[in-house]
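Reviewing the structure listed below.
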Amino acid sequence: MFFQDDTPDLLRHLNPQQRQAVESNPQTSALILAGAGSGKTRVLTTRIAWLLQNAHAGVHNIMAVTFTNKAAKEMNTRLSAMLPHNLRAMWLGTFHGICHRLLRLHYRDAGLPQTFQILDSSDQTSIIKRLLKQMDIDEKILAPRVLQGFINAQKEAGLRAGCLEAPDPYTQRLIRCYAEYEQLCNREGVVDFAELLLRTYELFNTHSALLSHYQSRFTHILVDEFQDTNKLQYAWLKLLAGGGAAVFAVGDDDQSIYRFRGANVGNMAQFLQDFQIKQAIKLEQNYRSVGNILAAANAVIQNNSDRLGKNLRTDAELGDKIRFFSAYNDLMEAEFVVSEIKSLQRDGADLNQIALLYRSNAQSRVLENALFQAAIPYKIYGGLRFYERQEVKHALAYLRLAVNPDDDNALLRVINFPPRGIGTRTVENIQAAAQESGTTLFQAACKMGKKVAPFIELIEQLRAQVGVVSLPELVQSVLDLSGLVAHYRAQKLIAEQERVENLDELVNAAIGFRVADVQLDMLPENLADNAALPIIAFLSNAALESGENQAGRGDSAVQMMTVHAAKGLEFDAVFLTGLEEGRFPSELSLNEAGGLAEERRLMYVAITRARKRLYLSMAQQRMLHGQTQFGVVSRFVDEIPEALLHHLSPKPKNKNLNDNSHLYFNQTAPAISRQELPREFDGFRVGENVRHAKFGVGVIIDARDKNDGSADLTINFGVDGVKTLNTKFAKLDKI
DNA sequence: ACTACCGGCCTTTTT
DNA sequence: GGCCGGTAGT
């Protein structure tokens, strides 16, 4: 064993905290609390390089786990640039990707068919709908999404239907459905996302030789975004590291924003305890944002209790103040954003470096419209991704049937698409026959006679090509023989022609697909004998990867996305819109325990995306879901020290108003002035702002005449909540 | 069997 | 305001 003497090189660009993290004891576990913009990925990758260079581990001893494919790719790229090693033997991937790999390798021990397929969320939804129909349960009584949430939550808690019990009939029914769902998936050879993890966990638990093999192989496990792990992922990790592996976990409790899908911040404290870590290492030096922005972020997040405790600092200059704008309505808010972007553009800003953020996707439309009108290029993230498009899913369903005709979900998807005269009645007959004989739909359909014969014939034709022709050729066959392309081509709408292009793109994806890229060191004897291997790999990849949404990256465009989607990204200028009570923080989150704290972390994530400039804006009136909503400023804006804020005012046309003057309410409202004024209730109108001695400023959201000349006003006071006050008793001032 | 229209619904999102 | 699901009509 020899030690390379270039270690200092590797560490030269690290600050003392980062260096302490990278050089922490290679034999023990560590928790790195990495604040936003503190060089988290750099520490993670440098740690791996350091372990290798100092021979603390070989490439094959390392497992690096991330949450997204993007993060995994990023890490792979950085490592390849840093190291002379061949990284093939290192396991680097998402939790789901790694579990998938383990299940493919040990499918027999895991009790799965070799050709098992992965369900994405929408596949899971349709299975559940089918299940409810089969069990004769009204969707109005038990919503599919409720059942889906229940099943996923149970799996994430590590619980099978068989070990669940409930006193109340409602939960009992949920459990029955869960049990039925498990059977259905097993029969069809499909596995949902949570199942990938749970199966692997159970596989390890029941096959001790297998577990100890991997325990002794992976002596170093590194985990990114540790605050996002759920209970099952943590248990999985603990099990795998149980042989004494050193776990290097990097995370930021202040950026935990996925509790709603099972992420458990408590895992960080649990980890410190379970792995006997004396103290977490904190990275508190921020390299991203100017001083004022960082100060605002720190001020907001300080309102949360139960933090592990961390305060970011920077050596950067203070920079501009944070600009705040209160618009009369959502249209004017969008107008404001447009004019500021134009001004940034005049100053030579790169549009790619401008982000337009919002709490929920529904808010994007008005903003998009305004940008479009102003001819400012924009790119919206978070729409449908490639493999989620219906035409692509249709094509993949045929492909699935070619590998496994027992995939009922895939069969139902395309048995009559494109339309071939197999209606609901016929499908019901097939389903009844299948249930009767306990077979899959395909098996039942084969005995149905001439109505479905052409479809069966089509599937058989595709099956016959498996292993005979190449993957891209098979995809092409699917498109031709199924009539999918012909169907879309026959449509007049331009949107349908785009679908043809997407299907062509699918063939390209198949051409570019390398099995080796996905299933790195799958044991040859396991699958090499199976002619369906390339197709299975291609389908699994489609489900796990769902397709990059990054096309058109080259042209310069304003980046539009939800705050969630912005996590991990950074921009020179950030517009954070819709800062109203009820929107951000979201009304729905306020009802649940810990909901407000999570919204505040979301606000913290949003603020810390900005490098140089941050704009905050709100709309006093907003059209949402077809009705006008009235809003007061978000409490999160109030949590930012006044000294950091610069209030901008709406500028009435042809008037030169002092920018430092106070906010103008209702001064200019071109979009609204066309409307009639709302009815008066004892001198007040719905939508107006009022001031109350105790509750402060609020907005009237509803009014009701009493018969004595007074009126009951329902007023939203923001932080102080919604109150109903009578004009005769409450002292209310119009403002 | 298929299409066209009406009514209810609505966080956040990755795998 | 837009999507999905159910229903009525061809």
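So you know, we letter chains A, B, ... as the sequences are listed, proteins then strands, and number each from 1. Predicted model only: the values in this text are computed from it and were never measured.
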ask   = CG of Leu132(A) to OH of Tyr181(A): how many Å apart, nearest 0.5 Å?
value = 12.0 Å
message = Is the distance from the ring center of His106(A) to that of Tyr214(A) below 6.0 Å?
response = yes
inquiry  = Using the ring centroid of each side chain, check whether Phe67(A) and Phe95(A) are separated by less than 6.0 Å.
reply    = yes
Write down the distance between [atom1] ([X]) and [atom2] ([N]), rounded to a whole number of angstrom.
{"X": "Glu156(A)", "N": "dT15(B)", "atom1": "CD", "atom2": "C1'", "value": "10 Å"}
{"X": "Glu388(A)", "N": "dT13(B)", "atom1": "CD", "atom2": "P", "value": "12 Å"}
{"X": "Gln629(A)", "N": "dC10(B)", "atom1": "CD", "atom2": "P", "value": "14 Å"}
{"X": "Trp236(A)", "N": "dT15(B)", "atom1": "CH2", "atom2": "P", "value": "16 Å"}
{"X": "Lys567(A)", "N": "dT15(B)", "atom1": "NZ", "atom2": "P", "value": "12 Å"}
{"X": "Asn152(A)", "N": "dT14(B)", "atom1": "CG", "atom2": "P", "value": "16 Å"}
{"X": "Leu198(A)", "N": "dT15(B)", "atom1": "CG", "atom2": "C1'", "value": "15 Å"}
{"X": "Lys155(A)", "N": "dT15(B)", "atom1": "NZ", "atom2": "C1'", "value": "13 Å"}

task = Under the side chain to side chain contact (heavy atoms under 4.5 Å, CB included) rule, collect the residues that match up with Glu457(A), sequence neighbours excluded.
result =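 Partners of Glu457(A) by the side chain to side chain contact (heavy atoms under 4.5 Å, CB included) criterion, ordered by chain and then number, come out as Gln461(A).
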query = In chain order, what residues pass the side chain to side chain contact (heavy atoms under 4.5 Å, CB included) check against Ala486(A), with sequence neighbours excluded?
reply = none
message = Any donor-acceptor pair, under 3.5 Å, between the side chain of Thr68(A) and the base of dT15(B), if you only look at N and O atoms?
response = no
hbond_proxy Arg359(A) side chain to dT11(B) base (donor-acceptor, 3.5 Å cutoff) =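 Result: no qualifying N/O pair found.
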Would you tabulate the nitrogen or oxygen pairs shorter than 3.5 Å linking the protein to nucleotides 2-7 of chain B?
from	atom 1	to	atom 2	distance (Å)
dC2(B)	OP1	Gly421(A)	N	3.2
dC2(B)	OP2	Asn416(A)	ND2	2.8

Answer with base, sugar-phosphate or nothing: what part of the nucleic acid does [X] contact at a heavy-atom distance below 4.0 Å?
{"X": "Glu598(A)", "result": "nothing"}
{"X": "Tyr258(A)", "result": "sugar-phosphate"}
{"X": "Asn361(A)", "result": "sugar-phosphate"}

For a quick test of reading the model: is some side-chain N or O of [X] closer than 4.0 Å to OP1 or OP2 of [N]?
{"X": "Arg259(A)", "N": "dT12(B)", "answer": "no"}
{"X": "Thr426(A)", "N": "dA1(B)", "answer": "yes"}
{"X": "Thr562(A)", "N": "dT13(B)", "answer": "yes"}

request  = Using distance alone, with no hydrogens and no angle criterion, decide if Arg104(A) and Ser540(A) have a side-chain donor and acceptor under 3.5 Å apart.
outcome  =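 There is such a pair (donor and acceptor under 3.5 Å, judged by atom type) between the side chains of Arg104(A) and Ser540(A).
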task = Decide, for dT11(B), between syn and anti: a glycosidic angle within 90° of 0 counts as syn, anything else as anti.
result =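 Syn.
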Close N or O pairs between protein and nucleotides 2-10 of chain C (under 3.5 Å):
from	atom 1	to	atom 2	distance (Å)
dG5(C)	OP1	Lys129(A)	NZ	2.3

message = If the threshold is 4.0 Å, N to carboxylate O, is there a salt bridge linking Lys393(A) and Asp123(A)?
response =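 Yes, this pair counts.
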query = Should Arg130(A) and Glu428(A) count as an ion pair when the cut-off is N to O under 4.0 Å?
reply =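 Result for this pair is no, no salt bridge flagged.
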Candidates [options] - which lies nearest the side chain of [X]:
{"X": "Asn69(A)", "options": "dT11(B), dT13(B), dT15(B)", "answer": "dT15(B)"}
{"X": "Leu544(A)", "options": "dT11(B), dT15(B), dT12(B)", "answer": "dT15(B)"}
{"X": "Lys451(A)", "options": "dT11(B), dT14(B), dA1(B)", "answer": "dA1(B)"}

message = Once ring-ring contact (aromatic ring centres under 6.0 Å, His included) is applied, do any residues pair with His564(A), and if so which ones, sequence neighbours excluded?
response = Tyr258(A), Phe260(A)
task = Establish, yes or no, whether the cationic atom of Lys379(A) lies under 6.0 Å from the six-membered ring centre of Tyr381(A) and within 45° of the ring axis.
result =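 Geometry flag: set, cation within 6.0 Å and 45°.
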request  = Identify whether a stacking contact exists between Phe260(A) and dT11(B), where the ring centres must be under 5.5 Å apart and the planes under 30° apart.
outcome  = no
key: salt bridge (charged side-chain N to carboxylate O under 4.0 Å, His left out) against Glu570(A), all qualifying residues, sequence neighbours excluded   =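 For Glu570(A) the salt bridge (charged side-chain N to carboxylate O under 4.0 Å, His left out) partners, ignoring immediate neighbours, are Arg288(A), Arg611(A).
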